[in-house]
Amino acid sequence: MSQLLSVTDLCKSFAGESVVKSVSFELNESSTLGIVGESGSGKTTLVRSILRAIEPDSGTVRYNSREGWHDLHSLSPKELLPLRREIQMIFQDPFASLNPRMTVQTILEEPLIIHGIGDKESRKQQVAKMLEKVQLDSSSASRFPHAFSGGQRQRIGIARALILEPRLVVCDESVSALDVSVQAQILDLLASLQSELGLTYLFVAHDLRVVREFCDDVLVMYSGNVVERGSVEEIFNNPQHDYTRLLLSAIPSPDPDEKLQPLDRKSLLLDAGLTV
Amino acid sequence: MTDSLLSIRGLSVEFKTELGLVRALSEVSFEVPRNSVTAVVGESGSGKSVTSNAILRLLPDTAQSSGEIELNPQDGEPVIITSLDERDPQMQNLRGGLVSMVFQEPMTALSPVHRIGDQVAEAVLCHRDVSPDVAWAEAAAMLEQVGLADAESKMRMFPFEFSGGMRQRVVIAMALICHPQLLICDEPTTALDVTIQAEILVLIKSLQRKLNNSVLFITHDLGVVAQIADRVVVMYNGQVMEIGSVRQVLKNPQHPYTMHLLSSMPGAATDFREKNKNWSDGAAIGAGTFLVEADAGRKIREFRELSP
């Protein structure tokens with residue numbers, strides 16, 4: 001398995017407040033890396049700086065494109081554009097991330113137009129094919145987002161991300177706003193698309209149960225630092241850092257006989273040994 | 001007569017909309033026993049919040065409801081809430097007095113322009129004839145009880161200075177300060193981080209034991225249900241699907257919808273998931289089906305398999 005993404009010493013601060021503190025990790029092709037942590041731990045800032053949706057203060061992000069390795073932060077916006085095709089994002093809120101004035105056809109076509117792909121007729125076919133992939137009816141294309149349920153809208157968001165045939169998909173809390181049964185359907189869909197298209201996911205989530213089920217590896221973030229990284233089995237069965245233990249102890253088990261006994265935050269040495 | 005704190009009998013609610021009447025609840029019946037936590041679980045649109053809002057008569061004017069909600073306080077006459085006028089002084093007394101509520105989003109439940117202490121003390125001043133000093137002291141004691149250290153100084157602060165977990169503690173203090181017999185919690189931990197959620201769940205449960213009140217806990221998370229509830233009411237599409245003790249419902253679910261919900265939980269066993277994956281929008285639950293009493297206080301909605 002080859003490496004797809006390599007992040008080294010990435011830092012970002014807002015108004016002097018350090019939000020992401022020297023984060024480094026690698027990501028292998030066709031795998032899923034979960035990023036977990038509480039609100040304010042820097043998960044979203046981290047992935048946004050990787051995508052250059054915001055500019056980080058320092059550090060390098062190297063991406064292994066179809067044409068070889070690129071340093072994403074040394075490229076001009078124009079040079080970056082072809083790479084943007086390979087890296088796409090699925091957002092959290094399926095209501096806020098779709099333009100209510102655009103039909104599904106326009107929403108899904110827009111990325112193709114921006115990247116100058118195909119003509120009107122071929123784009124229409126591509127949209128139809130994509131809708132089928134995310135299990136939406138082909139008649140959906142002429143409708144507006146308000147006509148869809150939350151789960152269906154998230155499928156539209158997935159279709160928009162995948163229509164450019166990306167290799168790396170960043171999911172920022174993409175199933176957090178969904179009901180548990182819809183969430184299960186969307187996770188199933190993401191998993192089957194991954195095996196079909198060989199996608200690599202960077203999966204930001206706060207629900208550890210979802211991460212346990214969906215990811216191969218996990219980064220645990222706490223106040224801007226990666227405090228632990230490992231495979232799902234390692235992290236969940238043998239957590240090393242106190243913060244990981246605190247997170248795991250807080251998961252409510254659906255078995256009423258497994259009582260919730262969250263660790264006491266104050267008794268833990270959370271700020272000791274913050275670097276991995 | 002049962003000795004439940006709250007009995008909901010045949011509650012139906014319809015909303016008048018531009019597209020005609022929309023039925024949000026149909027014939028919902030369940031009991032909330034004394035000194036215990038009853039969880040109502042279901043997905044969006046299942047009617048769980050409409051049920052809890054109906055108890056406090058917080059439904060909008062477009063709602064038409066029928067059925068009966070009876071509150072049977074420990075030391076007093078039973079009240080049929082549904083027969084009271086919205087502006088009846090008895091209703092005002094009930095809200096925040098005998099029955100109070102904790103909402104999902106602590107920031108919107110608190111006023112951004114009033115100090116924490118004043119907001120908590122206000123509930124005391126509304127319901128009892130005491131001096132502001134007494135109310136303030138009681139508020140301080142209550143805030144200590146919900147785990148806010150150094151309450152006296154925190155009471156002079158504003159909600160924006162608090163974290164989400166601290167705000168929810170304040171909201172819980174506001175709800176509990178008049179010693180309600182029924183505390184309704186509508187998704188009180190959904191907006192919180194998992195670590196803070198765990199702290200709040202432990203707090204609600206321990207306060208319930210300490211204060212000997214009843215909690216009606218609305219949630220969509222079966223993990224939360226398992227940790228907090230004694231009894232569980234499973235709702236779907238405005239109807240009750242299954243009622244039972246937390247062990248009965250979660251360890252031995254009988255209704256296909258409950259099984260479907262359980263199988264959707266991340267981490268559910270694969271074979272269980274495959275078997276219960278295809279829940280077809282409740283097509284098989286229609287008019288004419290009814291709750292059947294099973295063993296030991298358990299009720300399950302009759303379910304007919306539809307031929308494909």
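Just so it is clear: chains get the letters A, B, ... in the order the sequence lines come, proteins before strands, and each one is counted from 1.
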Once rounded to the nearest 0.5 Å, what's the spacing between atom [atom1] of [X] and atom [atom2] of [Y]?
{"X": "A:L178", "Y": "B:S264", "atom1": "CG", "atom2": "OG", "answer": "12.0 Å"}
{"X": "A:D257", "Y": "B:R247", "atom1": "CG", "atom2": "CZ", "answer": "4.0 Å"}
{"X": "B:L222", "Y": "A:D255", "atom1": "CG", "atom2": "CG", "answer": "12.0 Å"}
{"X": "A:E258", "Y": "B:Q227", "atom1": "CD", "atom2": "CD", "answer": "8.0 Å"}
{"X": "A:S181", "Y": "B:Y257", "atom1": "OG", "atom2": "OH", "answer": "6.0 Å"}

What part of A:L263 gets closer than 4.5 Å to chain B, counting heavy atoms only: side chain, backbone, both or neither?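 No part of it gets close to chain B.
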
Chain B contacts, top residue of A:D264, A:L247, A:V182, A:L260 (heavy-atom pairs, under 4.5 Å):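 Result: the option with the highest number of such pairs is A:L260.
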
If you count heavy-atom pairs under 4.5 Å with chain B, which of A:R212, A:Q183, A:K259 comes out on top?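 Ranked by contacts with chain B, first place is A:K259.
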
Count the heavy atoms belonging to other residues, nucleotides or ligands that lie under 6.0 Å from [atom1] of [X], then report whether that count exceeds 12.
{"X": "A:E17", "atom1": "CD", "value": "no"}
{"X": "A:R209", "atom1": "CZ", "value": "yes"}
{"X": "A:E132", "atom1": "CD", "value": "no"}

Is a side-chain donor or acceptor of A:D179 paired with a backbone partner of B:S44 at a separation under 3.5 angstrom?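 Between the backbone of B:S44 and the side chain of A:D179 there is a qualifying donor-acceptor contact (under 3.5 Å).
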
Output yes when a side-chain donor or acceptor of B:D193 lies under 3.5 Å from a complementary backbone atom of A:E38, and no otherwise.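 Between the backbone of A:E38 and the side chain of B:D193 there is no qualifying donor-acceptor contact (under 3.5 Å).
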
Nearest atoms (heavy-atom pairs only) where [X] meets [Y]:
{"X": "B:E199", "Y": "A:R265", "value": "OE2-NE, 4.1 Å"}
{"X": "A:S253", "Y": "B:A226", "value": "O-CB, 3.2 Å"}
{"X": "A:H206", "Y": "B:V194", "value": "O-CG1, 4.3 Å"}

Positions in residues 208-220 of chain B that reach chain A, provided some heavy atom is under 4.5 Å away: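 The residues closer than 4.5 Å to chain A, in numerical order, are B:H220.
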
Mind checking whether A:P262 and B:V202 have side chains closer than 4.5 Å, heavy atoms only?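 The answer is yes; the side chains approach within 4.5 Å.
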
A:V180 side chain near B:L261 side chain, heavy-atom distance below 4.5 Å: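 Heavy-atom side-chain distance check passes, below 4.5 Å.
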
What part of B:L201 is in contact with chain A, defined as an atom under 4.5 angstrom from a non-hydrogen atom: side chain, backbone, both or neither?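 Only the side chain of B:L201 comes within 4.5 Å of chain A.
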
